[in-house]
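Input: a single structure, listed below in structure tokens.
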Amino acid sequence: MKQSSRFKPDFRALFESAPACYLVLRTDLTIAAVSDAYLKATMTKREKILGRGLFDVFPDNPADPAATGVSNLSASLQRVLKNKLPDTMAVQKYDIRRPESAGGGFEERYWSPVNSPVFNDRHEITYIIHRVEDVTEFVRLKQAGVEQHRATEALKLRAERMETELFLRAQELQNTNKRLLDSEIFLDSIIENLPNMVFVKEANELRFVLFNKAGERLLGYPRTALVGKNDYDFFPKEQADHFVCNDRKVLQNGKLLDIPEEPIQTRTQGIRFLHTKKIPIMDSDGRGRYLLGISEDITERKAAEERFHAVAETANDALIIADQQGNILYFNNAAERCFGYRRDELIGKPLSLLMPARFHAAHLAGFKHFLATGESRVVGKTVELTGQRKNAEEFPLELSLASWKVAENSYFTGIARDITQQRAALDALRASEERFRILVEGVQDYAIFMLHADGRVASWNLGAERIKGYSAAEIVGRHFSQFYLPDDVAQGKPLRELACAAANGRVEAEGWRLRKDGSRFWANTVIAALYDSQGKLRGFSKVTRDVTEQRAIEQRVHDLNRHLQSRNAELVAVNHELEAFSYSVSHDLRAPLRAIDGFSREVLESYADRLDAKGQGYLQRVRAASQRMGELIDDLLKLARITRTELQRSEVDLSTLAQEIFSEQRSRVPTRQIEMSIAPRLPASADPNLIRVALENLLSNADKFTARSERARIEVGSLQQDDEQVFFVRDNGAGFDMAYADKLFCAFQRLHGANEFEGTGIGLATVQRIIHRHGGRIWAQAQVNSGATFFFTLPT
Amino acid sequence: MEDSLNDKKTILLVEDNPDDEELTRLALTRSNIANEIIVAHDGAEALDFLLATGIHAARNIRMMPSVMLLDLKLPKVGGIEVLQRIRADERTRLLPVVVLTSSKEEQDIVTSYRFGANSYIRKPVNFEQFIDAVRQLGLYWLLINESPWQSIEFK
């Protein structure tokens, strides 16, 4: 043994020189080593075949269409790789290539091959040893011998016959095996391609002995890594404990175990959820030999279900699922809120609970009809129906109903929404729109209509019909430019106004427009652009008013104004003339009077001796007349001046003013006895200068007409009459006859003879003019010989 | 000689109406005022006299009247303009001017004073009153009032 430990045999040389035909193959079926005998038998050279693929070196004979060598050998080798067991093949006809030196082509050969796996210490196949026996001679002998040696040795013949039969039987056996194998491949293929994971564990240590493709994919390991291992090699301990615990239970009870949902840690897809069925495979003694597992990956379905629940339970719409009996299977949160039932009150109960009783018959009939014919008024549509809550309250609901089928069973999904508020809002909106529409349509004084964005008429009201003469039927759809004069249209005015409205939101215009009958009217129009919520131009509203009459009135007012202005200018000119006239009067009419008076006096002075008393008297009259005329002229000028001067109001106390004037008059004739009574305070709003002139006149009149009274009495005061303050100046003098009261205030009108009381007759005219200029009134009350009272007002 | 002219204290009467001229003379006579009266019949003649131009070009400009009685309503050049012109001229600026007119219009009175009238008298229609007015103004301007001319010549 010591020797052997030192002795290092040349295994390669040993192997190559072995007297049998050996070929060593790698698992990818390339040639790793070959014995000399194999080379000789196959007429090949080592250096030509090492490293090459087996079937590359030994292809089927193309001249033999029935060749099965390659496929049989390949199948055998695959079995070895798969089963990790040696595989003995039946005698094979496997022709080999003849070297070119020996004439080329293929040479008929028969072989008896055995393929054996070589393992490493991890029980993985590393090589396959392919050993063959060249039995060509034998087979040929058998075939030829039947003819050649028939007559010779009977025993030999029998023996040969037996051998031949043996060979033929072996071939039959192989055919049977192949059929078996085919069926096995068929089953394997089914298992392999099942979409669910299929695995088999042996019963003792629960190591995997089989895994299909779906299993590999799910767990993320190749089956070569899985076979021979157990759960603890791949899964966290708790999971492995759980699996193993179930496995033991199954094997012990000998009964199938259905695990609806279990998590499993995979290599590449994280945790997945499986629905697993575990099935015990028992031996004839009733002991568990294997455990078959079939797992469906339900992760997606589970996620989908969870998604459904998440969506369904948070949805605002009621979601109800019913079966084909019309019984409720599912009822979500929103449905509870909507109908007022808890779901446990309704699951399994008929849908008809959710509608008023009067609809039950129609509901059931429709339901039956749908199940029988697939036709429905509601299924697959969205309809508005009446729902009923638990408290019997009815409400409008919008229902979308769908049906689906699983196997022969129909199911119904309904999505319902309580539209009480929408309905109310819609009703309110409709009512408001209706009111508005009626309002707009009924307006007669305004043409109110809509235009599409391109200017075609979209709507038409009564006012439009009245003003423009078209009925709605005649004009809707036509372009609004036909309301404009042809010249305006030619200049692009209608479209320009639309563009302007679109740019600025609104445009207002005035101008001539055409009626249907071709007549014109002067229109005031407002065009407003209408935009939708996205800011897109939807069209225009247009309001047109016929303002022809208004325009005519405006024109008349304008004309009147112009006329007034020219009249005003005339008046100003007349006033100027009057001014010039009165100036001229004051200047030029007085000069001759002065001459008359002056020279008359001079005659009386220097030539008195040449005139008798009568002549002198006449000259005195000439003088008196000229002087009186001077006074008249002065009073007239005063009257004119009052009319001309501008009124400048301020607070004036008539009491103080009257006092001052009275004092002045007294100072002139201090001997006269007059009883004067002036109210203490008489405030008024008046022009101080003018009101002084008026009071002077009134007071001097009073003074004058009381000259003959024994006890002259003059009173100045005020009284309240109909919310109006009325001032008055009263005397107890001569008075006058009220029959002439209307002549009192006319210039030069005197009610007394010049021989009675002196005066020019202009004083009261002046007073009246002053009062009138203040917007006031003046009137008098009198009685002959009992005095007179002059009343006047000075409104503020 | 020039002194003697000024000593004579003449009156310049500017009056287009011969009646008024005569009445003024009468009034002065009745008032015992015998000073020489020079009459100009319109504004232009008055200016010619005062400024020694036109028909009065040969006149000694230094011999100035003691007072000018000026009517406002005059042919050719009106009284107000005469007043304006003499007040604008250095030689006549100081001449005492009494406006003697029929007008009692406020505007005439104010305008006259604004352009430098020394006095404003309205001719009354009543001749007694007229004589009285003329007498008073004669006494005042010819006797009581000191003429500016003496002072100027004194210098």
Side-chain angles (χ1 to χ4, degrees), chain A residues 575-576 578-608 616 619-646 648 687 689-690 692-693 758 760, chain B residues 13-33 37 39 41-43 69-75 78-82 99-112 120-135 137-138:
Chain A
N575 247 347
H576 274 297
L578 244 173
E579 238 170 89
F581 171 73
S582 52
Y583 185 80
S584 169
V585 163
S586 91
H587 219 275
D588 298 343
L589 290 192
R590 286 160 54 89
L593 289 177
R594 199 163 45 249
I596 293 167
D597 187 65
F599 291 122
S600 299
R601 186 190 180 278
E602 193 54 29
V603 170
L604 284 171
E605 190 90 349
S606 306
Y607 306 94
Q616 286 184 22
L619 267 184
Q620 286 296 354
R621 284 191 181 197
V622 169
R623 287 198 64 199
S626 61
Q627 280 166 29
R628 175 156 169 71
M629 190 168 170
E631 281 167 25
L632 271 172
I633 289 168
D634 279 356
D635 281 355
L636 267 180
L637 289 173
K638 214 183 280 174
L639 183 63
R641 206 176 297 126
I642 283 159
T643 314
R644 288 206 313 269
T645 51
E646 207 174 313
Q648 287 180 327
D687 184 307
N689 291 327
L690 291 182
R692 172 182 268 273
V693 171
E758 57 180 12
T760 58
Chain B
L13 173 66
V14 189
E15 177 60 74
D16 65 317
N17 185 333
D19 287 348
D20 275 352
E21 182 192 330
E22 181 59 25
L23 287 172
T24 307
R25 284 182 190 280
L26 274 174
L28 285 169
T29 309
R30 294 276 174 239
S31 306
N32 299 316
I33 296 168
I37 299 169
V39 178
H41 297 95
D42 58 54
L69 303 181
L70 178 65
D71 195 3
L72 289 181
K73 218 167 166 244
L74 293 167
I80 294 294
E81 193 184 338
V82 171
V99 174
L100 189 64
T101 179
S102 301
S103 168
K104 209 179 136 186
E105 292 291 314
E106 193 181 286
Q107 198 187 332
D108 284 340
I109 299 168
V110 171
T111 311
S112 300
Y120 189 103
I121 291 166
R122 191 193 181 212
K123 299 175 193 166
V125 170
N126 184 300
F127 193 56
E128 272 84 27
Q129 290 172 18
F130 184 63
I131 293 167
D132 189 45
V134 169
R135 186 176 52 83
L137 78 88

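Sequence lines set the chain letters: A, B, ... in the order given, protein chains first and strands last, and positions in each chain run from 1. Quantities reported herein were computed from a predicted structural model and do not represent experimental measurements.
Closest approach of R594(A) to S102(B), counting heavy atoms only: NH2-OG, 3.1 Å. Closest heavy-atom contact between G598(A) and L23(B): CA-CD2, 3.6 Å.
For chain A, the option among E22(B), R122(B), E106(B) with the highest count of heavy-atom pairs below 4.5 Å is R122(B). When each of R601(A), R623(A), Q627(A) is scored by its heavy-atom pairs under 4.5 Å with chain B, the top score falls to R601(A).
Taking CG from L26(B) and CZ from F599(A), the interatomic distance works out to 6.5 Å, rounded to the nearest 0.5 Å. To the nearest 0.5 Å, atoms CG (D19(B)) and CD1 (I596(A)) are separated by 9.5 Å. R30(B) contributes atom CZ, which lies 5.0 Å from atom CD of E605(A) (distance to the nearest 0.5 angstrom).
Looking at E128(B), the atoms closer than 4.5 Å to chain A (heavy atoms on both sides) sit in the backbone and in the side chain alike. Using a 4.5 Å cut-off between heavy atoms, N17(B) contacts chain A through its side chain alone, with no backbone atom that close.
No more than 12 heavy atoms of other residues, nucleotides or ligands lie within 6.0 Å of NZ in K638(A), so this atom counts as exposed by the packing criterion.
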